[in-house]
Amino acid sequence: MCGCMDGKKQRIPKWSRIRSSVSGVQEEPKQKPVVVKRAYPFDEIEPKWQRYWEENRIFRTPDDVDTSKPKYYVLDMFPYPSGAGLHVGHPLGYTATDILARFKRMQGYNVLHPMGWDAFGLPAEQYAIETGTHPKLTTLRNINRFRSQLKSLGFSYDWDREISTIEPDYYKWTQWIFLQLLKRGLAYQAEVPVNWCPALGTVLANEEVVDGKVSLFITKQPMRQWMLKITAYADRLLEDLDELDWPESIKEMQRNWIGRSEGAEVEFFVLDSDGRETNMKITVYTTRPDTIFGATYLVVAPEYTLLSSIVSTEHRECVEEYQDIASRKSDLERTELQKEKTGVFSGCYAKNPTSGEPIPIWVADYVLGSYGTGAIMAVPAHDARDHEFASKFNIPIKWVVTPNNGSCIESEKAYSGEGIIINSSNMEVGLDINDLSSKEAAYKVIEWAEKTGKGKKKVNYKLRDWLFARQRYWGEPIPVIFLEDSGESIPVLETELPLTLPELDDFTPSGTGEPPLSKAVSWVKTIDPSSGKPAMRETNTMPQWAGSCWYYLRFMDPKNSNALVDKAKEKYWSPVDVYVGGAEHAVLHLLYSRFWHKVLYDIGVVSTKEPFKCVINQGIILGEVQFTAYKDTDGNYVSADSADELGEYIQEIIPEERVVKSGEFYVLKDNQNIRLIARAHKMSKSRGNVVNPDDVISEYGADSLRLYEMFMGPFRDSKTWNTSGIEGVHRFLGRTWRLIVGSPLHHGAFGDGTLVTDEEPTTEQLRALHKCIAKVTEEIEGTRFNTGISAMMEFVNAAYKWDKHPKAIIEAFVLLLSPYAPHMAEELWSRLGHPDSIAYEAFPKADLAYLKESTIVLPVQINGKTRGTIEVEKGCSEEDAFTLASQDEKLSKYLDGKPIKKRIFVPGKILNVILDRQTAKAGSVQ
Ligand code: ANZ
């Protein structure tokens with residue numbers, strides 16, 4: 001067991017202790033010229049301590065759990081190692097989790113703070129197709145770059161626990177989970193209409209299409225697919241959200257995604273050409289059964305399975321043409337993005353079971369085949385979409401609900417609220433809901449439908465089963481084989497896992513939906529071990545979401561070859577205490593992993609119902625603010641507020657040096673009447689506003705980058721990058737360094753040791769320190785890192801005013817600084833004479849006694865008029881207060897040499913001095 005986690009301090013082996021001085025003079029001559037203007041020698045300190053942490057495995061969390069201490073599991077959403085390397089958005093979340101990890105270690109917790117790679121995915125495969133480089137090579141190269149970038153930021157990850165989803169040791173367990181899902185009927189095959197993307201040669205899940213990929217050409221095609229039955233967990237996924245300490249916005253997005261709605265299914269019989277009921281029926285799903293008398297037409301989705309048997313010969317061609325057009329639209333284009341309703345008449349009618357009237361059956365793509373029953377009863381008076389459609393196609397509109405407040409209905413738009421039911425009685429069918437409220441009516445309609453066999457109560461979910469197959473190479477192979485003779489699917493034996501991805505030279509998708517893996521002929525051909533029959537392997541692979549669904553569990557026990565995670569380890573570390581990442585994962589990753597976690601809970605692999613106790617989304621970092629000026633066509637500047645009136649204008653980007661702030665606005669420095677537009681954009685290559693963290697580190701150091709990202713603003717808010725901001729925090733670190741170590745001697749080289757003294761701290765110093773401890777602690781706990789930094793800045797400002805800097809005070813401050821700027825803190829700690837790493841030292845505790853304000857401001861009246869105030873100690877006596885008042889510059893003018901008749905002193909409240917006017921006057925006569 002490593003010494004660092006058994007409650008003792010880190011002992012550093014002698015051979016590996018590093019000189020605790022950093023001085024340019026003692027260093028070997030460098031190739032590079034010495035950076036004279038550096039605020040402090042971060043370029044020497046940072047690599048030195050990173051090497052030290054690595055060589056001594058300072059942040060290693062021992063394999064065996066130590067239940068004597070409380071645990072803290074703080075996790076980052078692990079990155080996809082893209083070719084572009086880290087961007088400045090990554091360190092934002094990673095620095096926050098690192099501060100929490102370091103803080104909790106110092107508070108005596110066993111901390112689990114790991115990092116790994118979500119390494120399967122499309123870009124590496126696309127690159128492989130373009131260049132012929134194997135995705136594994138590209139991915140490993142990217143991982144190496146990411147790892148060294150992360151190390152250069154001084155994050156305290158336990159690198160011994162690093163995992164990568166592409167390693168067979170890891171995906172063995174991803175495949176194992178798939179087999180458990182299969183065993184429980186939660187993974188199944190189905191012929192489903194899928195979003196086929198010819199450009200990518202693969203199908204995409206609905207949420208992936210919504211998620212920004214709508215611009216790609218997508219068609220709906222029926223295909224054999226693997227599906228995961230996430231819908232079986234819909235209620236639990238919904239209910240358990242309530243207990244989670246997650247941003248309310250994410251919980252709401254998950255609730256909407258699951259989209260639970262309560263309503264009814266009702267049957268409408270199709271009529272023949274003579275208006276007689278046939279035995280064919282259309283079942284609709286409605287959340288408003290109270291409006292059923294107002295259903296003046298039915299709509300079926302273009303992909304409705306019974307459509308071809310309903311449609312009349314006369315209308316068939318038209319309907320088929322419509323179906324074809326609709327198949328090329330995504331669900332989003334058919335619903336939210338649709339500007340105008342479209343549809344065609346089927347040539348057929350159905351009977352409204354309540355009113356008994358024949359109503360037309362239309363085909364329209366605003367009804368989706370994948371939701372409810374794929375058919376609706378349209379109530380144009382009370383549903384906006386139906387109203388728009390009926391108005392366009394001249395379909396009757398029948399009002400059946402009036403608003404409760406008696407206000408009139410406007411016929412040009414639907415009234416979709418609840419109210420009192422009208423026009424809704426037909427005693428021939430035994431149903432009268434007139435004068436009932438919408439709720440009562442809905443209840444009564446459902447009761448009637450259930451009694452007459454015309455329908456039933458129904459709960460529906462927007463959530464669809466998860467489409468789990470991709471026609472790609474770079475993913476986990478699905479562990480299933482198909483017998484050649486019968487096509488029967490058989491799971492691969494658990495003992496045969498991992499089923500490794502075969503080598504392949506040609507990664508191009510066939511374009512027909514046949515996955516690239518089918519080209520690995522000798523891999524595909526196999527034998528079923530139980531029957532000895534020839535079989536073929538599944539050639540679809542898993543989607544990228546698979547590996548990230550459960551990685552947080554593997555970190556608890558990354559090298560276990562017998563189980564996904566050891567039970568005792570899981571019980572100790574679960575759940576993740578804080579999970580930090582981008583808000584873009586609100587419904588995909590976070591919902592999928594909750595689903596898998598619940599399945600693992602049901603089969604006894606994990607001990608908690610939910611994987612992540614607290615989720616925090618860091619805000620995004622936008623590029624530096626850009627200033628734009630407007631010019632008219634003659635090239636004259638025009639103020640931005642009047643640019644609109646110009647009609648034509650030219651925009652010009654103005655460099656920051658030419659801009660000043662005037663009140664709330666930015667204006668041209670040399671013509672302050674010209675107002676500019678200030679805008680921050682998302683960082684992107686095309687805008688050229690991407691900031692590379694490597695450049696920032698080489699110019700200012702990792703501690704400055706860490707501190708700056710935390711200081712930019714509230715952690716959860718979006719923020720704009722600002723280079724002068726980083727210079728500001730860099731100066732603060734330089735000031736801190738000079739306060740403790742002293743100014744550079746010559747050539748930018750700093751002396752050894754520190755300037756601290758051995759005196760006892762003064763009360764003033766103790767007060768400043770404990771105020772800072774209290775604030776920094778409170779702000780880390782509340783993840784308000786920016787205000788914690790402000791408190792440290794205040795402390796350093798105060799400390800600059802002191803003549804002496806007692807060791808006890810400075811040491812405690814260095815401990816406070818260490819989660820934020822760990823390299824500098826380690827260096828100072830070592831210079832303060834400590835041979836051990838600062839990482840496991842106890843975090844200082846604020847002493848309340850020093851936090852109480854000990855002085856008060858006392859108003860002083862002279863002859864009943866307030867003439868000023870004095871600052872006095874809380875329990876100060878009348879005599880002391882009077883002495884202070886007489887020494888006060890302002891008050892002394894009133895008091896100097898004047899005889900005093902009386903003093904009224906109310907401790908803590910007021911000092912009133914009554915002058916003896918008589919004596920004074922008499923004195924003046926004399
Ligand atoms: C009649 C009605 C009258 C409706 C009314 C609404 C208002 P949620 O809450 O999202 O579940 N609907 C049902 N299936 C549909 C499908 N496949 N595609 C498009 N729309 C569909 O919405 C349920 C309502 O959406 C249902 O209730 C149905 O319209 C429509 F005044 O039925 B309603």
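In listed order, ligands and their atoms are each counted from 1. None of these values were measured; they are calculated from a predicted model.
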field: Exam field: side chain Arg316 to backbone Ser308, donor-acceptor pair closer than 3.5 Å
entry: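 Side chain of Arg316 to backbone of Ser308, a donor-acceptor pair under 3.5 Å: yes, one is there.
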How does [X] reach ligand 1, by side chain, by backbone, by both or by neither, if only non-hydrogen atoms under 4.0 Å count?
X	value
Thr287	both
Thr286	both
Ile376	side chain

message: Are Phe389 and Trp362 an aromatic pair, judged by ring center distance below 6.0 Å?
response: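 Yes; Phe389 has its ring centre under 6.0 Å from that of Trp362.
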query: Between Trp226 and Phe178, is the gap from one ring center to the other below 6.0 Å?
result: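 Yes, the ring centres sit under 6.0 Å apart.
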Numbered atoms and elements of ligand 1 in range of [X], under 4.0 angstrom, heavy atoms:
X	value
Met377	1 (C), 32 (O)
Leu368	16 (C), 17 (N), 18 (N), 19 (C)
Tyr285	11 (O), 13 (C), 26 (C), 28 (C)

message: Check this for me: does any side-chain nitrogen of one of Lys598 and Asp240 sit under 4.0 Å from a carboxylate oxygen of the other?
response: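 Yes.
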Nearest-neighbour protein heavy atom for [atom], which is reported as residue plus atom name and distance:
atom	result
atom 3 (C) of ligand 1	Thr291 OG1, 3.4 Å
atom 19 (C) of ligand 1	Tyr366 O, 3.5 Å
atom 11 (O) of ligand 1	Tyr371 OH, 2.4 Å
atom 6 (C) of ligand 1	Asp383 OD2, 3.5 Å

field: Check: His382 N/O within less than 3.5 Å of ligand 1 N/O
entry: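 Among all N and O atoms of His382, none is under 3.5 Å from an N or O of ligand 1.
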Whether the [X] and [Y] side chains hold a donor-acceptor pair (N or O, under 3.5 Å, no angle test) is what I'd like checked.
X	Y	value
Arg470	Gln225	no
Ser574	Tyr552	no
Asn426	Thr354	no

field: Winner among Lys462, Arg385, Arg288 once heavy atoms are compared against atom 29 (O) of ligand 1
entry: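 Residue with the shortest heavy-atom distance to the ligand atom: Arg385.
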query: Cationic tip of Lys462 within the cone over Tyr371's six-membered ring, i.e. under 6.0 Å and within 45° of the normal?
result: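 Yes.
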